[in-house]
Amino acid sequence: APAAGMAALSGVAPWRRGWLPALQLVRRGSKAVTRHWKAMHFQRQKLMAVTEYLAPRPAVPPGCLGPRREAPQEDDGYVRLLRRQVEEVFRDNRMIAICQYNSMPDEDVVLMRHYLRKHNIHVKFVLNEIVRPMLSQSKYKNLLPLFVTRNILLVSPDAKVKEMLRVLKGVPQVNLLGACIDDTILSRQGVENFAKLPPLEAAQGQTVGALALLPSQTSSLLQRGCAHLTALLDQHIRQLQTGETGSMAEPPPAQSSGVH
Amino acid sequence: PAGPGGVTVPRAGLKRLVIPPDYSDVTFPERTKLKFMEKVPAVPKVKREPRQLRDIRGPSQEATDFTQGQYGILALGGGYLHWGHFEMIRLTIGRNMNPKTMFAIWRVPAPYKPVTRKSLGHRMGGGKGPIDHYVTAVKTWRLVVEIGGRCEFEEVKPFLTQVARKLPFPAIPISRDGLEQLRREEEEKKLNNQNPWTFERIITANMLGMRRYLSPYDVKFQGRYWGKFFLKHRV
């Protein structure tokens, strides 16, 4: 140690920074590692207090940032499948009726589905959180306010509204909210009116009859003048006949038949 | 919650199904339960050893990372484990784990260090006492046991905390991710410390002659270790 000190003094190696004390406080107190918390020297306590960790303060206090919004969850395969099914439903079926569904006993659900199935109406349970974004981007935007509570869709390729209404009347827990029949949005009242309409063939027949009414009258209109003249002449002849009896009766009928 | 038109909107939506974890790359050791640790080493020491408390002091250099298992008990302080502790760990873990789906391995050796005790009621002096029992030294940041297999951290955590509370030093149950996160947080704390005066800076420059009251070990330990204790709140 003295040799090293001499070498250092002579300037071969420059002075070391941070020298160790010559006299170390070895005899005093307990060992370095104790079971109890060894009391620190006051200077050391001060050093520990000065060199404590100070956490960084953010520029904007977290309370002012507002509620944290969840990151939009990525699409599951399941979500995509359900969305595809709903798109198919909207594409393939002519009639889509949306009803509010209150909880029913399971056997009643099965019965209702059976009766509707007989008329080729399918019952589909849909989730609002899938249907709503889909509808808002398609042409069925006005159906959005209907998809709020728990609901079911009654879909069918042919529009048998009367039978559907009859079945739904027997089920008090399912209430019709609206329907989209042949790309026409109808309210509940509109659906009832639609049900009261006569079937398509009868309606077509009625329209044809109404349209054909005027042309059918054309021939009678055109012949009205002649018919009127003929009637007047007939009347006149009868008057003459009743007035004159005998030979004058025959030639006037021959003349009138010649005129025809 | 009220929706448009004052109608209550039901909250329950689509169920997001979680894919169960994949345990295909887990290899089980031959014996899944913890090995029985002997009280006394096979060749007991004849020569009594000096106390050498430096095997408790400071951070550990061995067994700081996971090898086979996924979860373990991390020591956050120094201490000695004797045979009673080993038995407690072995029995508690053996009781709570399923040997078919989980395995456990020791990360500390069997007691090797002899500890002497003088007989009770005698005065000081008369030489060093005879060997009383054997202990293993554990430093901070050392893993004591490791658990692995087809299990989740939440399954393993209850009995690991139960064991960790009974150890003579502070310990926590931890997983691989937890350990990485701890290390990352330490690094971040070091970087974003707003205090310009750090222990390391003052001691290396010997500001205010602080080296008079500190030991050469404090240069290494940077004020985070004091005796056998680990000061978690310090950077």
Side-chain angles (χ1 to χ4, degrees), chain A residues 16-26 30-58 73-83 100-101 103 126-132 144-151 177, chain B residues 3-10 12-17 19 51-58 78-80 168 188-219 222-223 225-229 231 233-235:
Chain A
R16 274 182 304 139
R17 304 257 171 251
W19 47 271
L20 280 175
L23 248 181
Q24 291 193 2
L25 315 162
V26 279
S30 46
K31 296 195 159 91
V33 179
T34 49
R35 284 183 208 188
H36 61 272
W37 175 269
K38 191 167 151 191
M40 290 185 187
H41 196 281
F42 190 59
Q43 293 281 26
R44 197 199 158 104
Q45 282 180 41
K46 286 197 277 190
L47 175 65
M48 301 290 265
V50 164
T51 54
E52 265 169 12
Y53 172 69
L54 282 179
R57 284 175 64 192
Q73 286 172 337
E74 59 215 22
D75 263 352
D76 278 358
Y78 189 41
V79 170
R80 268 181 268 137
L81 171 75
L82 290 172
R83 207 175 285 159
Q100 184 209 17
Y101 171 84
S103 48
V126 288
L127 275 174
N128 287 343
E129 68 177 76
I130 294 166
V131 172
R132 286 190 77 104
L144 268 178
L146 294 178
F147 285 91
V148 174
T149 54
R150 246 196 117 178
N151 44 37
L177 298 175
Chain B
V7 184
T8 39
V9 179
L14 187 65
K15 186 173 172 90
R16 306 255 164 194
L17 300 162
I19 301 169
R51 220 158 300 229
Q52 283 183 345
L53 291 167
R54 55 178 173 270
D55 53 9
I56 304 295
R57 201 178 187 189
Y80 287 124
E188 276 177 26
K189 268 178 97 167
K190 245 193 253 184
L191 287 171
N192 66 18
N193 187 10
Q194 300 297 304
N195 195 348
W197 306 110
T198 52
F199 196 96
E200 176 197 351
R201 185 180 165 195
I202 293 179
I203 200 173
T204 43
N206 191 14
M207 296 185 181
L208 296 175
M210 271 294 137
R211 291 289 291 266
R212 194 173 130 75
Y213 311 104
L214 304 167
S215 87
Y217 286 95
D218 290 311
V219 184
Q222 305 293 324
Y225 302 88
W226 178 240
K228 66 171 186 172
F229 303 102
L231 309 169
H233 54 275
R234 290 196 57 85
V235 75

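So that the names make sense, note that chain A is the first sequence line, chain B the second, and so on, each numbered from 1.
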Query raised in the report: When only pairs under 4.5 Å are counted, which of A:Arg57, A:Lys31, A:Arg35 shares the most heavy-atom pairs with chain B?
Result: A:Arg35

Query raised in the report: Short question: side chain of B:Asn206, backbone of B:Met210 - any donor-acceptor pair under 3.5 Å?
Result: yes

Query - Non-hydrogen atoms of B:Asn195 and A:Val50 that approach each other most closely - result: ND2-O, 2.7 Å

**Report entry** Contacts of type side-chain contact (heavy atoms from CB on, under 4.5 Å), residue B:Glu200, not counting sequence neighbours
**Finding:** B:Thr198, B:Gln222

Report summary line: chain B shares the most heavy-atom pairs under 4.5 Å, among A:Met40, A:Gln43, A:Lys38, with A:Gln43

Report summary line: When the 4.5 angstrom heavy-atom criterion is applied to B:Leu231 and chain A, the contacting part is side chain

Requested in this report: With rounding to the nearest 0.5 Å, note down the distance linking CZ in A:Arg150 to CD in A:Gln100.
Outcome: 10.5 Å

Query raised in the report: Quick one: what part of B:Leu14 sits under 4.5 Å from any heavy atom of chain A, side chain, backbone, both or neither?
Result: both

Query raised in the report: What residue in B:Asn193, B:Val235, B:Leu17, B:Ile56 has the most heavy-atom pairs under 4.5 Å with chain A?
Result: B:Asn193

Report summary line: Here the gap from B:Leu214 atom CG to B:Ile203 atom CD1, rounded to the nearest 0.5 Å, amounts to 4.5 Å

Query - Largest heavy-atom contact set with chain A, pairs under 4.5 Å, which of B:His233, B:Arg201, B:Arg57, B:Arg16 - result: B:Arg16

Requested in this report: For B:Asp218 and B:Gly223, indicate whether the former's side chain and the latter's backbone hold a donor-acceptor pair under 3.5 Å.
Outcome: no

Requested in this report: Please identify each residue that fulfils ring-ring contact (aromatic ring centres under 6.0 Å, His included) with B:Tyr225, with sequence neighbours left out.
Outcome: B:Phe221, B:Phe230

Query - Proximity breakdown for A:Ala55 and chain B, heavy-atom pairs closer than 4.5 Å - result: backbone

Query raised in the report: Taking A:Thr34, A:Thr51, A:Leu82, A:Val79 one by one, which has the highest count of heavy-atom pairs under 4.5 Å against chain B?
Result: A:Thr51

Report summary line: Honestly, the part of A:Lys46 sitting under 4.5 Å from a heavy atom of chain B is neither

Query raised in the report: Contact part of B:Phe199 toward chain A, heavy-atom cut-off under 4.5 Å: side chain, backbone, both or neither?
Result: both

